[in-house]
Amino acid sequence: MQRHGVSPNVVTFIYGLKACSNLQALDKGQELHAEVIVEGLEDHPFVNSSLVDMYARCGAFAEAREVFDELPHQDIVSWTTLISAYADNGHDKQAIICLEAMQKLGISPNVITIVCSLKACGNTGNLSVGKKLHMDIIVEQLEGNPFATNSLIYMYTKCGSLDEAWHIFEEMHSPDIISWNSIISGFAEQGENERALALSKQMQEQGLLPDNTTLVGVLKAVANMEAFEHGRRLHAQVFHSCEDQSIDLIVATALVDMYCKCGSIVYAQQVFNKMETKDYVLWTSLLTGYAQQGYSDLLFQAYDSMKAHGLQPTAVTFLSLLNVCSHAGLINSAYSILEVMCGYGIEPDIKHLNCIVDLLGRSGQFFLAFAVLERLPIKPTYIIWSTILGHCRNHSISELAQYVFECAVSDEEVESAFFVVMSNLSSEFVSEEYEDVLHSCYGTSASSSLL
DNA sequence: ATAGGGTTAG
């Protein structure tokens with residue numbers, strides 16, 4: 001168009017920037033940004049929102065933020081653009097911070113802002129902000145809006161408030177496929193497997209056909225139940241329902257995961273091998289399956305094969321590798337995996353650390369375990385302490401257990417399971433000292449029943 | 001003519 005001598009206007013830039021967003025074409029987007037300035041259109045609110053969107057969707061959050069901060073008027077759309085981009089890319093806490101900053105300025109969220117924010121609440125389990133948004137929906141009389149209502153179902157199931165989600169679903173006059181899928185996958189995710197399956201049946205009785213998302217939700221329920229035969233039937237159903245026998249990539253990933261959880265590595269491999277395009281999630285679900293079942297040779301072979309196919313390992317890939325090392329007692333392999341991981345620029349997180357601590361604790365190398373904990377910039381959680389505590393038990397080291405126990409109870413997140421581990425320990429060591437600590441931490445009746 | 005709902009790996 002430009003070669004034909006036609007200059008771009010506001011509308012051209014809006015569509016051009018949207019294309020860049022869709023393609024994640026940051027370079028081209030930056031070129032368009034420069035042209036926007038040349039054309040003197042940098043004050044146009046629609047163009048500016050599109051620029052914020054383009055940078056954020058290309059993963060350039062700092063640049064998105066820069067454009068946003070310099071806007072002459074930050075309107076509801078530019079705020080929502082930021083919130084949406086954060087929520088879609090795993091920066092859910094940032095999304096909620098933005099929502100609250102916006103509200104502080106006196107701007108009320110509209111239905112689109114609410115939908116994006118509810119997603120962020122669901123992803124972070126932020127029930128209190130989610131409930132406030134629910135109130136906003138009621139105040140704005142948006143209860144009949146399917147986007148708002150379906151987002152509420154999503155948020156409540158992700159936060160574990162299944163009764164509330166069910167209540168909203170039940171009140172709907174005509175739930176659409178997305179409503180059904182939200183409640184089905186929500187129940188499946190929370191382990192309400194039978195209910196998820198029953199709802200899928202009910203949905204089909206009402207004349208709605210299951211789509212890929214429904215299948216993924218149902219496969220998750222089946223995987224949780226390790227119901228191999230049911231999984232086989234679903235696989236057959238998937239196979240017959242799709243055209244030219246090519247299974248959707250996400251459905252295939254759910255199938256691989258289901259077969260692995262049911263212990264059927266051979267079927268998982270079969271589904272995996274038949275896929276023409278494999279993304280890193282499909283690879284990782286197979287690698288994780290190998291790790292869970294303890295197939296270390298297959299795991300390392302598949303890891304090499306994945307790299308040979310040009311796919312980069314991620315933090316999850318390395319976690320699977322470390323898990324296998326941990327179960328097989330391969331300390332040196334674990335160290336080299338950590339090194340390789342750092343070479344890829346991936347920082348070990350608490351779960352990787354737990355594998356290493358587990359390995360060291362297993363072989364009684366507690367001093368080394370503590371040295372690792374001190375060297376890494378991650379604060380140990382009670383999960384790490386539980387791991388060490390378990391090994392204290394195996395090695396009958398009661399003094400260390402006492403120390404570890406005291407470290408752990410200062411963790412705000414510490415859960416009852418930890419006290420069960422400790423009570424098992426104290427009953428074995430028959431130490432009155434532990435009983436006293438348990439009484440003080442856990443209440444007299446609870447600890448006496450545990451002990 | 002800018003922003004929006006459900007699905008995959010630990």
Side-chain angles (χ1 to χ4, degrees), chain A residues 9-18 21 44-54 56-57 71 75-88 109-119 122 142 145-155 157-158 169 175-186 188-189 210-220 223 248-258 260-261 268 272 278-292 306 313-323 349-352 354-355:
Chain A
N9 67 5
V10 165
V11 182
T12 328
F13 283 121
I14 287 166
Y15 285 133
L17 287 166
K18 191 175 195 95
S21 293
H44 196 286
F46 285 21
V47 173
N48 280 326
S49 290
S50 301
L51 279 171
V52 173
D53 188 63
M54 180 277 293
R57 303 279 164 190
L71 291 184
D75 62 7
I76 182 79
V77 177
S78 50
W79 275 108
T80 306
T81 301
L82 261 191
I83 293 169
S84 170
Y86 279 134
D88 283 343
N110 65 19
V111 63
I112 301 178
T113 324
I114 290 171
V115 164
C116 301
S117 305
L118 282 171
K119 183 174 194 170
L142 292 167
N145 183 308
F147 278 75
T149 315
N150 289 340
S151 300
L152 274 177
I153 294 171
Y154 178 83
M155 183 276 293
T157 57
K158 286 271 176 176
F169 180 80
D176 62 15
I177 183 85
I178 295 176
S179 322
W180 283 100
N181 287 344
S182 300
I183 197 88
I184 290 169
S185 62
E189 200 192 86
D211 64 7
N212 286 337
T213 307
T214 325
L215 289 167
V216 168
V218 171
L219 281 168
K220 184 168 215 150
D248 173 82
L249 183 57
I250 295 178
V251 174
T253 304
L255 278 168
V256 169
D257 183 53
M258 180 275 292
C260 287
K261 293 220 168 95
F272 178 88
K278 301 175 172 75
D279 68 355
Y280 80 103
V281 182
L282 184 69
W283 274 100
T284 308
S285 57
L286 188 67
L287 292 175
T288 304
Y290 287 154
Q292 282 163 351
M306 182 183 96
T314 66
V316 181
T317 321
F318 289 115
L319 187 60
S320 290
L321 295 169
L322 285 173
N323 263 323
D349 70 20
I350 205 84
K351 294 184 187 109
H352 302 96
N354 198 36
C355 285

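Letters A, B, ... are given to chains in the order of the sequence lines, protein chains preceding strands, and every chain is numbered from 1.
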A:Ser320 versus A:Asn323, side-chain donor and acceptor atoms under 3.5 Å = no
Contact class for A:Asp211 vs. all strands (heavy atom < 4.0 Å): base, sugar-phosphate, or nothing?
-> base
Between NZ of A:Lys18 and C1' of B:dT2 the distance, given in whole Å, is 7 Å
Any salt bridge (Lys or Arg N to Asp or Glu O under 4.0 Å) pairs touching residues 44-53 of chain A, not counting sequence neighbours?
-> A:Asp53-A:Arg57
When the distance from CG of A:Asp75 to P of B:dT2 is rounded to whole Å, what number comes out?
-> 13 Å
Which residues pass the ring-ring contact (aromatic ring centres under 6.0 Å, His included) test with A:Trp180, sequence neighbours left out?
-> A:Phe169
With A:Phe46 via ring-ring contact (aromatic ring centres under 6.0 Å, His included) - residues at least two apart | A:His44
Got a sec, which residues hit side-chain hydrogen bond (donor to acceptor under 3.5 Å, both in side chains) with A:Ser179, two or more places apart in sequence or on another chain?
-> A:Asn150, A:Asp176
Set of residues satisfying side-chain contact (heavy atoms from CB on, under 4.5 Å) with respect to A:Tyr154, sequence neighbours excluded | A:Lys119, A:Asn123, A:Lys158
What do you reckon, do A:Phe147 and the base of B:dG4 stack, with centroid distance below 5.5 Å and planes below 30°?
-> yes
With sugar-phosphate meaning primed atoms plus P, OP1 and OP2, does A:Val52 contact a base, only sugar-phosphate, or nothing at under 4.0 Å between heavy atoms?
-> nothing
Write down the protein N/O and nucleotide N/O pairs, taken from nucleotides 7-10 of chain B, whose separation is under 3.5 Å; answer none if there are no such pairs.
| residue | atom | partner | partner atom | Å |
| --- | --- | --- | --- | --- |
| B:dT7 | O2 | A:Thr213 | OG1 | 3.4 |
| B:dT8 | OP1 | A:Lys220 | NZ | 3.1 |

Whole-Å gap separating P (B:dG4) and CD1 (A:Ile114) = 15 Å
Report which part of the nucleic acid A:Leu287 touches: base, sugar-phosphate, or nothing (heavy-atom distance under 4.0 Å, all strands).
-> nothing
Whole-Å distance separating the CE atom of A:Met54 from the P atom of B:dA3 = 14 Å
Below 3.5 Å, does any donor atom in the side chain of A:Ser50 face an acceptor in the base of B:dT2, or the other way round?
-> no
Rounded to the nearest Å, what distance is computed from the CG atom of residue A:Asn9 to the P atom of nucleotide B:dT2?
-> 13 Å
